[in-house]
Each structure stands twice: as structure tokens, then as C-alpha cells.
Amino acid sequence: QVQLVESGGGLVQAGGSLRLSCAASGSIFSFNAMAWYRQAPGKQRELVASITSGGRTNYADSVKGRFTISRDNANNTVYLQMNSLKPEDTAVYYCSAETWLRSGVRRNYWGQGTQVTVSS
């Protein structure tokens with residue numbers, strides 16, 4: 001049973017930076033990937049960044065060059081460093097631990113979310 005707790009959200013002006021943290025109750029190596037998603041009001045949840053147990057990273061085109069996902073294995077924590085923030089980055093950001101099944105189904109465990117608001 002994994003528990004994920006996000007922190008680090010807040011209000012920041014455009015061009016500023018935030019670092020989100022996701023603390024997991026268990027080993028992050030128990031999952032195929034850890035990921036950050038975000039959801040703005042009225043929009044579908046979208047993948048922002050992910051990192052596999054092997055260290056491969058993936059980013060949404062909209063955040064490439066600005067966001068960096070990383071992990072601290074010793075503390076079972078995943079981070080999302082967000083630089084050069086834009087108003088369109090405003091959303092609730094969710095941490096996810098993912099297990100990929102042979103059927104092609106992804107099993108996701110979710111954190112409670114943390115609000116990021118970028119003002120212009």
C-alpha cells in the first residue's frame with residue numbers, strides 16, 4: 001500500500017521557479033515509473049514528466065527545457081523542478097506511482113495534489 005504526499009506548490013509570478021516534492025511511503029523501485037501529472041479546471045489530466053525505475057525520463061513538449069524530474073532513492077522522494085513558469089502552467093499537480101501490466105493497463109496510485117498558480 002503506497003501513500004504519496006505532494007508538497008511545494010504555491011503562488012509564483014511568471015518567470016519564477018518552484019520545486020514540487022512527492023514523498024512515497026514505500027520504495028519507488030516497486031513501480032515501473034513515477035510521474036507528475038497536472039490538471040487545470042475544465043481540462044483533462046495530462047502527463048507532465050515521468051521517470052522510470054531505470055532512470056529514463058520523459059517530458060511533455062510544453063515543459064521541455066523548463067522542468068526537470070528527479071528522484072532521491074534513499075528518501076523515496078520524487079521532485080519536479082519547475083523553472084521559467086508561465087501562467088499556462090497553473091494547475092493542480094499530482095504525483096503518480098505507476099505499474100505497467102502485461103495487459104497494457106496502467107495501475108496508478110495518486111497523491112492528493114498540490115496547487116500551482118502562476119500569475120502574470
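Y109 and V5 are assigned to two separate hydrophobic clusters, defined by single-linkage of ILVMFWY side chains at heavy-atom distances under 4.5 Å. F31 and Y37 fall into different hydrophobic clusters, defined by Ile, Leu, Val, Met, Phe, Trp and Tyr side-chain heavy atoms under 4.5 Å apart, directly or through other members. Residues V92 and V116 do not share a hydrophobic cluster, defined by chaining ILVMFWY side chains whose heavy atoms lie under 4.5 Å apart.
Looking at every heavy atom in both residues, Y94 comes nearest to G113 through CD2-CA, 3.6 Å. The shortest non-hydrogen separation linking S50 to A35 is CB-CB, 3.8 Å. W100 and A33 get closest at one heavy-atom pair: CZ2-CB, 3.6 Å. Across A14 and S120, no two heavy atoms sit closer than the pair CB-CA, 4.5 Å. The minimum heavy-atom distance between C22 and M34, with the atom names listed, is SG-CE, 4.5 Å. Nearest heavy-atom pair, L20 versus G9, reported as atom, atom and distance to 0.1 Å: CD2-N, 3.6 Å.
Side-chain atoms of R38 never come within 3.5 Å of backbone atoms of T90 as a donor-acceptor pair (strictly under, hydrogens ignored). A donor-acceptor pair under 3.5 Å links the side-chain atoms of R66 to the main chain of S84, judged by distance alone. Judged purely by atom type and a 3.5 angstrom limit, Q112 uses its side chain to pair as donor or acceptor with the backbone of E6. Panel note: side chain N108, backbone E98; no donor-acceptor pair is recorded below 3.5 Å.
Tested against W36 for a side-chain contact (heavy atoms from CB on, under 4.5 Å), the candidates L47, L80, V63 yield a single pass: L80.
Taking the ring axis of Y79 as reference, the NZ or CZ atom of R19 stays within 45° of it and closer than 6.0 Å to the ring centre.
Salt bridge absent: K86 and D89 never bring a charged side-chain N and a carboxylate O closer than 4.0 Å.
Enclosure of atom CD in Q3 is not indicated, since only 12 or fewer non-hydrogen atoms of other residues, nucleotides or ligands lie within 6.0 angstrom. The neighbour count for E88 CD, taken as heavy atoms of other residues, nucleotides or ligands under 6.0 Å away, is above 12.
Atom-to-atom distance recorded for I51:CD1 and R71:CZ is 4.5 Å, nearest 0.5 angstrom. Here the OG1-CG distance, from T77 to L4, works out to 10.5 Å after rounding to the nearest 0.5 Å. The distance from the CG atom of N83 to the CG atom of L18 is 9.5 Å, given to the nearest 0.5 Å.
Taking the six-membered ring for Trp and thresholds of 30 and 60 degrees, F67 and Y93 have ring planes inclined between 30 and 60 degrees apart.
Put simply, the side chain of N76 reaches to within 4.5 Å of the side chain of S27, judged on heavy atoms.
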